[in-house]
Amino acid sequence: MLSNKRIQELELVMEFEKVEECFKEVSSWIENVGRKRLKDMINLDDSLEMLLQAQKQFREFDLIASEYCRRGQEALKKMDRWEDFSSVDVHSYRVKLQTYKDQLEEFCTQLDENRHRICETVRLYEFFDKVRQGICCMEEVVKS
């Protein structure tokens, strides 16, 4: 039984090394591109026109970012079996795996929050724009 367990652990280590390239690529993109773009979108402009432009740019970024999130999540799924192993030899790999998982979850959460925030901000500005137009129309009626 111990021999079988050890063989399984070695197989997991080999599998991890294959999947690690994907983790590294996703992690590098998150750190070098993804986080910067999310930070750039924190301060939204004050006009509806500029917000719509920012929303369009975010949607383009969101397609790419969502693909990286999906790839990272698929790679993590391949490593689900790690939770069954607790030997010292596997520990360092589990730590790496957890680091990748935490980074990916944090980024995907920030992406979702920004998507929601931009959408809600645009909706709010559209509402206020309609109210402003209604007030202008009412003022014209009152003046006549």
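- Within the 4.5 Å cutoff, the side chain of Val33 has no heavy atoms near those of the Tyr68 side chain.
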**Q.** side chain to side chain contact (heavy atoms under 4.5 Å, CB included) evaluation trace for Gln110 with Glu106
**A.** CA-CA 6 Å; Gln110 288 175 348; Glu106 179 189 355; 3.4 Å; yes
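- Within the 4.5 Å cutoff, no side-chain heavy atoms of Phe128 are placed close to those of Leu48.
- Under a 3.5 Å cut-off, the side chain of Thr99 and the backbone N or O of Val95 do form a donor-acceptor pair.
- Gln55 has its side chain within reach of Leu52: a pair of non-hydrogen atoms, C-beta onward, lies under 4.5 Å apart.
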Q. Between Arg70 and Glu74, is a salt bridge (Lys or Arg N to Asp or Glu O under 4.0 Å) present by the stated rule, with each step listed?
A. CA-CA 6 Å; Arg70 185 192 61 75; Glu74 284 178 2; 2.4 Å; yes
Q. Run the side chain to side chain contact (heavy atoms under 4.5 Å, CB included) check on Cys22 and Lys78 step by step: do they pass?
A. CA-CA 11 Å; Cys22 179; Lys78 291 178 182 177; over 6 Å; no
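- Linking Ile, Leu, Val, Met, Phe, Trp and Tyr residues whenever their side-chain heavy atoms come within less than 4.5 Å leaves Leu10 and Phe16 in two separate clusters.
- Residue Leu104 comes nearest to Gly72 through the heavy atom pair CD2-C, 3.4 Å, listed as atom of the first residue, atom of the second, then distance.
- Using a cut-off of 4.0 Å between Lys/Arg side-chain N and Asp/Glu carboxylate O, Glu31 and Arg35 are scored as salt-bridged.
- Residues Lys96 and Glu20 meet the side-chain proximity criterion, which asks for heavy atoms closer than 4.5 Å.
- Nearest heavy-atom pair across Val19 and Ala75 is CG1-CB, 3.5 Å.
- Phe23 pairs by the ring pair (Phe, Tyr, Trp, His ring centres under 6.0 Å) definition with Tyr100, not counting sequence neighbours.
- With respect to Glu120 and Arg123, a salt bridge is recorded, a charged nitrogen being found less than 4.0 Å from a carboxylate O.
- Residues Val131 and Leu124 share a single hydrophobic cluster, defined by chaining ILVMFWY side chains whose heavy atoms lie under 4.5 Å apart.
- Using a 3.5 Å distance cut-off with no hydrogens or angles, the side chains of Asp129 and Gln133 do pair a donor with an acceptor.
- Residue pairs meeting the salt bridge (Lys or Arg N to Asp or Glu O under 4.0 Å) criterion with at least one member in residues 50-63, sequence neighbours excluded, are Asp62-Arg115.
- With contacts defined as side-chain heavy-atom distances shorter than 4.5 Å, the pair Glu113/His116 does not qualify.
- Between Leu76 and Leu97, some side-chain heavy-atom pair lies under the 4.5 Å cut-off.
- In terms of heavy atoms, Cys69 sits closest to Phe107 at SG-CD2, 3.8 Å.
- More than 12 heavy-atom neighbours from other residues, nucleotides or ligands sit within 6.0 angstrom of CG on Asn32.
- The shortest distance between side-chain heavy atoms of Glu25 and Arg71 falls below 4.5 Å.
- For the atom pair CG (Asn114) and OG1 (Thr109), the distance works out to 11.5 Å, reported to the nearest 0.5 Å.
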